[in-house]
Asker: 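My questions will all concern the structure given below.
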Amino acid sequence: MSINLYNTKTGQKETFTPINPNSVTMYLCGPTVYNYAHIGNARPAVVFDVLYRLLKYHYPKVTYARNITDIDDKINNSAKELGVNIKKYAEKYAKIYNDDIAKLGVLPPDIEPYATQHIPQIIAMIQVLIEKGYAYAAEGHVLFAVETYDKYGSLSNRNIEDMIAGARVEVAPYKKHPADFVLWKPSDDDLPGWDSPWGRGRPGWHIECSAMCKSHLGDVIDIHCGGRDLIFPHHENEVAQSCCANDTDSFANYWLHNGMINMGQQKMSKSLGNILLIKDVAEQYKGEVIRWLLLSAQYRQTVTWSEESIHKSQKTLDRMYATLRDNQSVSANIGNENIPEEVVSALDDDLNTPMAFAEINKIAKSLAKADTDSNKQKYKSQLLSTGNLLGLFQQDPEDWFKSEDIDRDKIEQLIKERDLARANKDWSKSDEIRDQLNDMNIILEDSPEGTRWSVKK
RNA sequence: GGCUGGAUGGUAGAGUGGCUAUACAGCGGUUUGCAAAACCGUGGACACCAGUUCGAAUCUGGUUCCAGCCUCCA
């Protein structure tokens, strides 16, 4: 069984062949930390978390690096506006990002490199580029000369002439060619800066990923991931820098790009003011619900976020956990051997999570309908094992339906009173208590095993 | 203008040259003190036009529309 991945570089699905099957490498462009993380930041973290888990399922060793870009003009500007320390500002939002995506069931990567901790490597790489004639210093800046790299534009499938025709490239007097991009730029005294052969300054926008990939994963890596919007210029420039500095034909053998999130009919963007923050959604919905929604479309497709779709994810997971709750006493074995072949082959086909979810629904239905102990065990094991692979269903099913800030003792007490009333067929008192709990946002369900409760959504 | 992707039932969202995707919602039923949950059954789709084919929603060509990137952006 092999994994097939859609490779942006070639524009088609390809069988994944690692450079070294005993040590697979992947890199994801993490966030620039200048604000609270939004659900657009969450999508790549979640979908490539699934890829990470799938690779670990297939290969003995996977090294996953996900960076934090903590030096950038956006950070500088935001911190300056608020009059706060730039370094602390970046640290604060890096922590928030990690906390937020952890809520979504995202595993920590093996390596989380920070740009500011790789300044020597960045400077070294720029020096190599200058020595080899791919870059030049001018007025305190260092620029990459795009005309020196004949494959420039091959990842994003565009050519330099077209870009110039767009006339949207930043033209600066010190540039030899309008499409040349910055590797290093000067910092004045109130900006973060490091000493370099070109004076005190800071790295440009793309070089940090090239330098961090090289120092942690090697000159050529297996898989490089990121949002679609990063293909150009970010990833195109990474390819140029890395291949030229390292003398390689390839920087990453497979380039994977996730689709964007739309808010209703509109794209989510700062200028439209419709940015949805993870922390805000997480106040209302559990992280797993958000994870489910993000994985309910194939990762390359645009996902439309709406109240309706998040609510639907909530209902679906409620049903899954309800089935697990109904089978609390059934023992189950969590292990890769209990993941149905259909699930793995769906994921192997370019992370077809919707198809995997269809299989999960079938398993859950089989569990709900199972009438023998051996079948119950079999399907529960399948459901939990599959969930383990996908980062789902690992919570306590009882707790799923409760919430933290609630007076459990009082509720249990009222339920006891009601059960007593019901035993005496005192229906009016029973209904009275039901109404009382309903006012407290508690839903009761009577079953042969007793009364159970959950928080109204 | 250049480059990428899309267009599937009320909604979300897969897939395949002929075989029920799946889920939510709907409808009918079983069950139930009430309520719910659960279970059973059920209707409903492949943007448009042409072509290839015994047969296409699935392949080919064209048309229309939508989105993204080309500028910081996941």
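What you see below is based on every heavy atom in this structure, not just the backbone, and it leaves out hydrogens, waters and symmetry mates. This one's a predicted model, so the numbers in the text were calculated from it and none came from an experiment. Letters go in sequence order (proteins before strands), and every chain restarts at 1.
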Asker: As a test of reading the structure: which of B:G2, B:A74, B:G13 is closest to the side chain of A:H38, going by heavy atoms?
Answerer: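 Selected nucleotide: B:A74.
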Asker: Can you find a side chain N or O atom of A:R319 that sits less than 4.0 Å from OP1 or OP2 on B:C24?
Answerer: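 For B:C24, OP1/OP2 do have a side-chain N/O of A:R319 under 4.0 Å.
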Asker: Side chain of A:N41: nearest nucleotide among B:G13, B:A74, B:A36?
Answerer: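 Closest of the options to the side chain of A:N41: B:A74.
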Asker: Checking contacts here: which listed nucleotide (B:U11, B:G68, B:A14) is nearest the side-chain heavy atoms of A:E308?
Answerer: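 Comparing B:U11, B:G68, B:A14 against the side chain of A:E308, the answer is B:U11.
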Asker: Between A:Y52 and A:F48, does the ring centroid distance fall short of 6.0 Å?
Answerer: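 Ring centres of A:F48 and A:Y52 not closer than 6.0 Å.
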Asker: Any side-chain N or O of A:K369 less than 4.0 Å from the OP1 or OP2 oxygen of B:C40?
Answerer: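 Result: yes.
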Asker: Check the distance between B:U20's P and A:N361's CG and give it to me in whole angstrom.
Answerer: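 About 18 Å, once rounded to whole Å.
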Asker: Between A:W205 and A:D73, do the side chains contain a donor N or O and an acceptor N or O under 3.5 Å apart?
Answerer: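 There is no such pair (donor and acceptor under 3.5 Å, judged by atom type) between the side chains of A:D73 and A:W205.
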Asker: Do the rings of A:Y149 and A:F144 sit parallel, tilted or perpendicular, given the 30° and 60° boundaries?
Answerer: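 A:Y149 vs A:F144 ring planes: perpendicular.
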Asker: For B:U4, does either OP1 or OP2 sit under 4.0 Å from a side-chain N or O belonging to A:N157?
Answerer: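 Yes, within the criterion.
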Asker: From the list B:A23, B:C34, B:A74, which nucleotide is the closest neighbour of the side chain of A:R422?
Answerer: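 Output: B:C34.
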Asker: OP1 or OP2 of B:G15 less than 4.0 angstrom from a side-chain nitrogen or oxygen of A:N352, does that happen here?
Answerer: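 So the side-chain polar atoms of A:N352 do come within 4.0 Å of the phosphate oxygens OP1 or OP2 of B:G15, strictly under.
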Asker: If you only use heavy atoms from C-beta on, which nucleotide in B:A21, B:A74, B:A23 is closest to the side chain of A:M260?
Answerer: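 The answer is B:A74, which lies nearest to the side chain.
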Asker: Given B:A25, is OP1 or OP2 found less than 4.0 Å from the side-chain N or O atoms of A:K315?
Answerer: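 For B:A25, OP1/OP2 do have a side-chain N/O of A:K315 under 4.0 Å.
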Asker: With heavy atoms under 4.0 Å as the rule, sort A:I39 into base, sugar-phosphate or nothing.
Answerer: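 No contact.
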Asker: Is it the case that the side chains of A:N262 and A:T302 hold a donor-acceptor pair, with the cut-off being a distance below 3.5 Å and no angle test?
Answerer: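 Result is no, nothing qualifies.
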Asker: Compute whether any side-chain donor of one residue and acceptor of the other, for A:D49 and A:Y64, lie under 3.5 angstrom apart.
Answerer: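 There is no such pair (donor and acceptor under 3.5 Å, judged by atom type) between the side chains of A:D49 and A:Y64.
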Asker: NA contact type, A:Y97, heavy-atom cut-off 4.0 Å: base, sugar-phosphate, or nothing?
Answerer: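 Contact class for A:Y97: none.
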Asker: Below 3.5 Å, does any donor atom in the side chain of A:K362 face an acceptor in the base of B:U22, or the other way round?
Answerer: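 No, no donor-acceptor pair under 3.5 Å.
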Asker: May I ask you to verify whether the side chain of A:R43 and the base of B:A74 hold a donor-acceptor pair under 3.5 Å?
Answerer: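 Side chain to base: no pair present.
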Asker: Between B:G1 and A:R158, counting only base atoms on the nucleotide and side-chain atoms on the residue, is there a donor-acceptor pair under 3.5 Å?
Answerer: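 Check fails, no donor-acceptor contact within cut-off.
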Asker: Determine the contact category for A:L230: base if any of its heavy atoms lies under 4.0 Å from a base atom, sugar-phosphate if only primed atoms, P, OP1 or OP2 are that close, otherwise nothing.
Answerer: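 It contacts sugar-phosphate atoms only.
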Asker: Show your working on ring-ring contact (aromatic ring centres under 6.0 Å, His included) between A:Y89 and A:Y93 and close with a plain yes or no.
Answerer: CA-CA 7 Å; A:Y89 183 83; A:Y93 286 110; 5.0 Å; yes
Asker: Any luck finding a side-chain donor-acceptor pair between A:N77 and A:E81 under 3.5 Å?
Answerer: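 Result is no, nothing qualifies.
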Asker: Closest to the A:R434 side chain: B:A74, B:C34, B:C39?
Answerer: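 From the listed options, B:C34 comes nearest.
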Asker: Answer with yes or no whether A:D446 presents, from its side chain, a donor or acceptor under 3.5 Å of a partner atom in the base of B:C34.
Answerer: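 In this structure, the two groups form a donor-acceptor pair.
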Asker: A:E359 near the nucleic acid: base, sugar-phosphate alone, or nothing, with a heavy-atom cut-off under 4.0 Å?
Answerer: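 If one applies the 4.0 Å heavy-atom cut-off, A:E359 turns out to touch nothing in the nucleic acid.
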Asker: Under 4.0 Å: is that the gap between some side-chain N or O of A:Y299 and OP1 or OP2 of B:A74?
Answerer: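 For B:A74, OP1/OP2 do not have a side-chain N/O of A:Y299 under 4.0 Å.
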Asker: Counting only side-chain heavy atoms from C-beta out, which of B:A74, B:C70, B:A21 sits nearest to A:F232?
Answerer: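 The answer is B:C70, which lies nearest to the side chain.
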Asker: Tell me if the side-chain of A:S430 makes a donor-acceptor pair with the base of B:G33, cut-off 3.5 Å, by modelled atom types.
Answerer: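 Such a pair is found, so the answer is yes.
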Asker: Measure from the side-chain heavy atoms of A:A297 and tell me the nearest of B:G13, B:C72, B:A12.
Answerer: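 Output: B:G13.
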Asker: Respond yes when some side-chain nitrogen or oxygen of A:K365 is under 4.0 Å from OP1 or OP2 of B:A23, and no when none is.
Answerer: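 Affirmative; the distance criterion is met.
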Asker: Taking only Watson-Crick and G-U wobble pairs with both distances under 3.5 Å, what dot-bracket line describes RNA chain B, where [ ] shows pairs that cross earlier ones and | shows pairs with another strand?
Answerer: (((((((..(((.....[...))).(((((.......)))))....(((((..]....))))))))))))....
Asker: When you measure from the side chain of A:T32, which nucleotide among B:A23, B:A74, B:A67 comes out closest?
Answerer: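 Of the options given, the side chain of A:T32 lies nearest B:A74.
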Asker: Run the numbers on A:E238 and A:H224 for side chain to side chain contact (heavy atoms under 4.5 Å, CB included), then give the verdict.
Answerer: CA-CA 11 Å; A:E238 280 185 47; A:H224 193 126; 2.7 Å; yes
Asker: May I ask you to decide if the ring planes of A:F393 and A:W292 are parallel, tilted or perpendicular, using 30° and 60° as cut-offs?
Answerer: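 A:F393 vs A:W292 ring planes: tilted.
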Asker: Counting the atoms with a prime plus P, OP1 and OP2 as sugar-phosphate, which does A:I261 contact under 4.0 Å by heavy atoms, base, sugar-phosphate, or nothing?
Answerer: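 If one applies the 4.0 Å heavy-atom cut-off, A:I261 turns out to touch a base.
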